[in-house]
Visitor: 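Dumping the structure here so I can ask a few things about it.
As the structure is a prediction and not an experimental result, all values here were calculated from the model. Every chain is numbered from 1, with letters handed out A, B, ... down the list of sequences.
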There are 4 protein chains.
Amino acid sequence: MRTRDDKKQEALFLATIKLVNEIGFASSSVSKIAKAAGVSPSTLYIYFKNKEDLLVSTYYEIKAGMGQAMLNGFDDSRPVRDIFHLVWRNAFAYAVENQDEFRYVEQFSNSPYAGLADAVIIKESFEPITRVIRRGIEQKIIKDVSMDMIAAFMLHPIKVLANPNHCGQFEPTEENINTAFQMAWDALKL
Amino acid sequence: MRTRDDKKQEALFLATIKLVNEIGFASSSVSKIAKAAGVSPSTLYIYFKNKEDLLVSTYYEIKAGMGQAMLNGFDDSRPVRDIFHLVWRNAFAYAVENQDEFRYVEQFSNSPYAGLADAVIIKESFEPITRVIRRGIEQKIIKDVSMDMIAAFMLHPIKVLANPNHCGQFEPTEENINTAFQMAWDALKL
Amino acid sequence: MRTRDDKKQEALFLATIKLVNEIGFASSSVSKIAKAAGVSPSTLYIYFKNKEDLLVSTYYEIKAGMGQAMLNGFDDSRPVRDIFHLVWRNAFAYAVENQDEFRYVEQFSNSPYAGLADAVIIKESFEPITRVIRRGIEQKIIKDVSMDMIAAFMLHPIKVLANPNHCGQFEPTEENINTAFQMAWDALKL
Amino acid sequence: MRTRDDKKQEALFLATIKLVNEIGFASSSVSKIAKAAGVSPSTLYIYFKNKEDLLVSTYYEIKAGMGQAMLNGFDDSRPVRDIFHLVWRNAFAYAVENQDEFRYVEQFSNSPYAGLADAVIIKESFEPITRVIRRGIEQKIIKDVSMDMIAAFMLHPIKVLANPNHCGQFEPTEENINTAFQMAWDALKL
DNA sequence: GATGAATGAGTGTTCATTCAT
DNA sequence: CATGAATGAACACTCATTCAT
């Protein structure tokens, strides 16, 4: 079950994401994913224990990448608002450039597999960000609310705006992105 | 002939929503839904043309109820912020009380069936609300942004906060709800 | 199970023949036939005991009409060859004008229902013709072979020639029909 | 990997032919055919794309064998009548010895699948025969009629005579076969 | 007499997974 | 390591027929 050829594992991740986006979670069968990745269905079972393992691993893989992308250029010593701005822009850029990954996460979160993903593992990659937010709250720059509420107004609107399925009208021009950020910041700031 | 039993159609709607919540969109098969509704799978096809018809109809059914719930007590003559407050509280109340319906809509929107639902039909029930928002923009109370962005900061956070799956910590106490509303309003207001 | 409205029975016969021709024996379901006839599936069961009864009755109905058509203008006192000519032309005309009925008989004969049709009932309507042929054999005009062989060279070629599915090229012009008859007669005559 | 078992494909062909003969085209379901062949229904889909592919392939398989059987001992240099005699006897022998195959072809031709078989592929295997017939026409031995009419009087009577379902009385004795051939030849010869 | 509602059994087909090579 | 063959269980859906009105 463990691996030699990392390219095949990578190909399976990509094929999974691509297929889930194209034909949906329900129709993405193991054999279709394997074919899309250019391997035999039985080969897939060398790299992953079963379908569930494949889907959950793909989820982890994306989340790790997302966390990294959001921390791009992260500098703890800068003022809270600046860090926040950076992180938000990073998140938005990622969402626009990696729509397939974003949509996969969305579908995964609403699937019966969601419960199988370990929330703690995920939260780890976002730890630096939560730390900054706590600092913002202490410094009375940000409203004193739970992390869930922060995320609800900071990140979830991004999910919607970046998804052309949900938002026919929204164009990610520099001006619009700035306005969107301003709204997010207005929601959070004291 | 036997007369058509509206209770069965209703039972099928409810079973669909319940099952999608319990086991997810992908695993909700026609036969499972039929069994949950207490009818034979073939009976389902008397009330709906096929699975797609069942899922889309269920979506319409929920959306209509949601639109109605949000407009509860709606009074066009009141100030924009008051109307907005009412609608937001209505939406939040609906989301908390009808979590299954809310989650169904969420999953439906992220499924390949989403494209089959007529957006125009849906938008109609929300028309009074969009009218008020436009008034708010004209009166320079609300930021001059597209309807999509309004929704992204006004409604989507509700989706997250009301979903205990997403938000382990958030408790819908009166205080928390007011804070959440304040955040939404801060995002939108000029 | 017995009838009042002969029009409905007739409509069911016609719908059966039409559907079997259009979509084949296998796909011609009771409900489709009923719908094509403009009645409810359950109404069909007032006129016929079950699907088998409907199909066999339709077969009888057609065979009776075919027998009648072939005997059109039949005159026992005329010479054998003339009668034979008349009957053959009648048969050919029927086959061309009633292709659907012809094809239904063909499909029925090759279906599992075939065994259920009583051969004796069918043979009765062809009795006058067999009598003439026996006379022809006695008068040493026709080869002394079994009735099956007569039919094989007299009637079955008609089946093929009249079916455009089998015979792309054959055009039923007066000349071609006469040639075909000549071939049939050459086969039979001494 | 397990190696593909040609015996299974063959078993499926045979089961298809056998079942279509026993219970008819209409009732021959994929699962019944698979069971008769001793494989799982899903295994069938490894060897054939779908039911249509199975049925059409079976048709091709039979037609190829039939063409070969008819050409057994074929010698272009012999006189037209002798070749014709040989081919006709070959065809008759095949029809008697392979009644199931013959009946399958019959039923297939009258099914909605008929249109899916490529007529050109089929005609190829009969090419040598059509060549001889054309020679017979040029030499004024055979009537100058279309190939369809030749087939109608040469081959189709065989279909009927060899099928005991259609012909209770006809016994394939040497004498009867010769008489039948004589009738076919009388029909064709000038 | 006539009908739409209702259903268990069946349709063709795909599924996730294991097996043998 | 890699794979195509193999399958029991499930899929969405239709069937012939009966039931209640």
Visitor: Between B:Phe108 and B:Tyr113, how do the two ring planes meet: parallel, tilted or perpendicular, split at 30° and 60°?
Guide: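 Judged by the thresholds at 30° and 60°, the geometry between B:Phe108 and B:Tyr113 is parallel.
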Visitor: By nearest heavy atom, map B:Glu52 and D:Arg2 onto DNA chain F; which one lands nearer the 5' end?
Guide: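 The residue whose closest nucleotide sits nearer the 5' end is D:Arg2.
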Visitor: Take the protein atom CD1 of A:Ile23 and the nucleotide atom C1' of F:dC11, then report the distance between them rounded to whole Å.
Guide: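 It works out to 15 Å between those atoms.
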Visitor: Against A:Ile62, only a single residue in A:Thr16, A:Asn98, A:Ile17, A:Asp100 fulfils side-chain contact (heavy atoms from CB on, under 4.5 Å); can you say which?
Guide: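 Exactly one candidate clears the test, A:Ile17.
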Visitor: Atom NZ in B:Lys7, atom CG in B:Leu12: separation rounded to 0.5 Å?
Guide: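 If I round to the nearest 0.5 Å, the distance is 14.5 Å.
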Visitor: Mind calculating the distance between CD1 (B:Ile46) and C1' (F:dT17) to the nearest angstrom?
Guide: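 Those two atoms, CD1 and C1', are 13 Å apart.
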Visitor: Can you tell if the side chain of A:Thr43 reaches within under 4.5 Å of the side chain of A:Ser40, non-hydrogen atoms only?
Guide: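 Yes, their side chains come closer than 4.5 Å.
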Visitor: Measuring to OP1 and OP2 of F:dA5, would you say a side-chain N or O of D:Arg4 lies under 4.0 angstrom away?
Guide: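 Checking F:dA5 against D:Arg4, a side-chain N or O does come within under 4.0 Å of OP1 or OP2.
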Visitor: Mind checking if B:Tyr47 touches a base, just sugar-phosphate, or nothing, with heavy atoms under 4.0 Å?
Guide: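 Sugar-phosphate contact only.
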Visitor: For DNA chain E, determine which residues of residues 24-43 of chain B have any heavy atom closer than 4.0 angstrom to one of its atoms, and list them numerically.
Guide: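 B:Ser40, B:Ser42, B:Thr43, in order of number.
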Visitor: Rounded to the nearest 0.5 Å, what's the gap from CD on C:Gln9 to CG on C:Leu14? Could you check?
Guide: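 Separation between the atoms: 11.0 Å.
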Visitor: Nearest-Å distance, NZ (D:Lys7) to P (F:dA6)?
Guide: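 It works out to 13 Å between those atoms.
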Visitor: On DNA chain F, compare the nucleotides closest to D:Lys8 and B:Asn50; which residue's is nearer the 5' end?
Guide: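 On the 5' side of the pair lies D:Lys8.
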Visitor: Given side chain to side chain contact (heavy atoms under 4.5 Å, CB included), test B:Val105 with B:Glu101 step by step and report yes or no.
Guide: CA-CA 6 Å; B:Val105 166; B:Glu101 278 80 358; 5.7 Å; no
Visitor: What base-paired stems does DNA chain F take part in, with at least 3 consecutive Watson-Crick or G-U wobble pairs and both distances under 3.5 Å?
Guide: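 Stem list for DNA chain F: E:2-21 with F:2-21.
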Visitor: Atom CZ of A:Phe48 and atom P of F:dA2: how far apart are they, to the nearest Å?
Guide: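 Result: 13 Å.
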Visitor: Find the distance between CD (C:Gln107) and OG (C:Ser28) and round it off to the nearest 0.5 Å.
Guide: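 The OG atom of C:Ser28 is 8.0 Å from CD of C:Gln107, to the nearest 0.5 Å.
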Visitor: How about B:Phe48 and B:Phe13: are their ring centres within less than 6.0 Å of each other?
Guide: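 Judged by ring-centre distance (under 6.0 Å), B:Phe48 and B:Phe13 do meet the cut-off.
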Visitor: In whole Å, what is the span from the CG atom of A:Leu54 to the C1' atom of E:dT17?
Guide: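 It is 14 Å, rounded to the nearest whole Å.
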Visitor: Can you tell me if D:Lys49 touches the phosphate of E:dT13, counting only side-chain N or O atoms and a distance under 4.0 Å to OP1 or OP2?
Guide: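 Result: no.
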Visitor: Between F:dA12, E:dA6, E:dG12, which nucleotide has the shortest distance from any of its atoms to the side chain of D:Lys51?
Guide: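 Given the options F:dA12, E:dA6, E:dG12, the side chain of D:Lys51 is closest to E:dG12.
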Visitor: Provide, to the nearest angstrom, the distance between the CG atom belonging to A:Asp53 and the P atom belonging to E:dA16.
Guide: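 Whole-Å distance recorded here is 14 Å.
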Visitor: Does anything in residues 56-68 of chain A pair up under side-chain hydrogen bond (donor to acceptor under 3.5 Å, both in side chains), and if so which pairs, sequence neighbours excluded?
Guide: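 Pairs touching residues 56-68 of chain A that pass the test: A:Asp53-A:Ser57.
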Visitor: Starting from C1' on E:dA2, measure out to CG on C:Leu12 and report it in whole angstrom.
Guide: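 Interatomic distance, CG of C:Leu12 to C1' of E:dA2: 13 Å.
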Visitor: Can you tell me the distance, in whole Å, between the CG atom of C:Leu44 and the C1' atom of F:dT18?
Guide: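 To the nearest whole Å, that distance equals 14 Å.
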